[in-house]
Amino acid sequence: MTHHHEGELLADAGVDLVGLWWAVPGGHAELSSDRVAELATTVRGTGQLAPVLVTFSADIERIVSTMRETGISWLQLHAYQPPAVVRELRRRLGSPATIVKVLHVGAGGCVEQRFVPAYTRAGADLFLVDGATPDGRLGSTGVPLDPAVVLPLVDSLDQGFLLAGGLTAANAGEYAGIAGHPRMCGIDVDTGARGSDGRFDSGQVGGLARQWRVGRREERDD
Ligand SMILES: O=C(O)c1ccccc1N[C@@H]1O[C@H](COP(=O)(O)O)[C@@H](O)[C@H]1O
């Protein structure tokens with residue numbers, strides 16, 4: 001989210017977490033710390049949404065100070081930050097923070113597969129399974145993942161996971177085995193939530209919420 005008015009649209013359409021992109025060099029939605037703070041206030045003001053700081057940064061001091069200054073408690077580490085960074089962030093941010101580590105699936109499978117136990121020991125609360133394209137793009141790729149590759153990966157996890165990567169209302173049926181997985185906690189969508197003009201579209205977001213049958217966290221029993 002980059003504009004204040006998007007908060008109400010997302011809340012009304014059934015979303016519960018909103019990503020604010022910070023320290024994402026070259027990202028189409030890169031925000032300054034001050035802008036993140038303003039938008040986080042708007043997000044919380046809906047009474048329904050919680051903001052997530054989404055970042056490529058591995059700079060522990062900057063991440064911790066931005067989380068504290070903005071009051072954001074959800075952190076999505078979207079790049080290749082190592083387990084040592086997760087461990088130090090967990091130590092510094094404490095248990096109130098929810099740390100989401102992205103696991104990238106490329107042509108050869110999950111790039112971080114062998115680090116998964118280390119991320120778990122380091123204190124990651126959730127994993128987010130997303131794609132990495134052959135040309136190295138991360139985040140907002142709009143490229144769907146092969147469910148046959150994702151399923152054994154999520155089966156190998158000890159904690160909950162979110163799914164991303166080119167998700168739409170129309171392709172929900174292809175991921176039935178993953179959507180019904182006992183550790184499935186939700187989906188994370190950028191491209192498929194937008195209309196042809198590139199803006200968030202309430203019809204697209206509402207369709208995603210309905211087709212994926214993703215309830216709010218407090219309404220689920222997982
Ligand atoms: O959307 C972005 O610009 C972005 C920037 C930096 C990190 C992550 C970003 N988006 C994340 O990408 C995935 C899936 O996106 P898509 O549905 O395939 O377009 C999701 O986790 C977004 O939060």
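None of these values were measured; they are calculated from a predicted model. Numbering of ligands and ligand atoms starts at 1, following listing order.
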Sub-3.5 Å donor-acceptor pair from the side chain of Gln204 to the main-chain atoms of Phe200, do we have one?
no

Test of understanding: given a 4.0 Å heavy-atom threshold, classify the contact between Leu138 and ligand 1 as side chain, backbone, both, or neither.
neither

Which of the atoms in ligand 1, numbered in the order shown and given with their element, are less than 4.0 Å from a heavy-atom of Thr191?
16 (P), 17 (O), 19 (O)

Ligand 1 atoms in contact with Thr141 (distance to a heavy atom under 4.0 Å):
18 (O), 19 (O)

Does Glu61 pair with Arg92 as a salt bridge, N-O distance under 4.0 Å?
yes

Pull out every atom of ligand 1 sitting under 4.0 Å from any heavy atom of Asp130, numbered as shown with elements.
12 (O), 13 (C), 14 (C)

Taking both backbone and side-chain atoms of Gly166, is any N or O found less than 3.5 Å from an N or O belonging to ligand 1?
yes

Mode of Val102 contact toward ligand 1 - side chain, backbone, both, neither (heavy atoms, under 4.0 Å):
neither

Is Gly19 close enough to touch ligand 1? Criterion: a residue heavy atom under 4.0 Å from a ligand atom.
no

Could you walk me through whether Trp212 and Tyr175 pass the ring pair (Phe, Tyr, Trp, His ring centres under 6.0 Å) test, one step at a time?
CA-CA 9 Å; Trp212 282 86; Tyr175 295 91; 5.7 Å; yes

Would a 4.5 Å heavy-atom cut-off, applied to side chains only, mark Tyr80 and Leu138 as touching?
yes

As an exercise, identify every atom of ligand 1 less than 4.0 angstrom from a heavy atom of Gly165.
14 (C), 18 (O)

Locate the shortest heavy-atom distance separating Leu89 from Val64; write the atom from each residue and the value.
CD2-CG2, 3.9 Å

Gap between atom NE2 of His104 and atom CG of Asp130 - 0.5 Å precision:
6.0 Å

Within 45° of the ring axis of Phe127 and under 6.0 Å from its six-membered ring centre, is that where the NZ or CZ of Lys101 lies?
no

Element-labelled atoms of ligand 1 that are located less than 4.0 Å from some non-hydrogen atom of Gly142
16 (P), 18 (O), 19 (O)

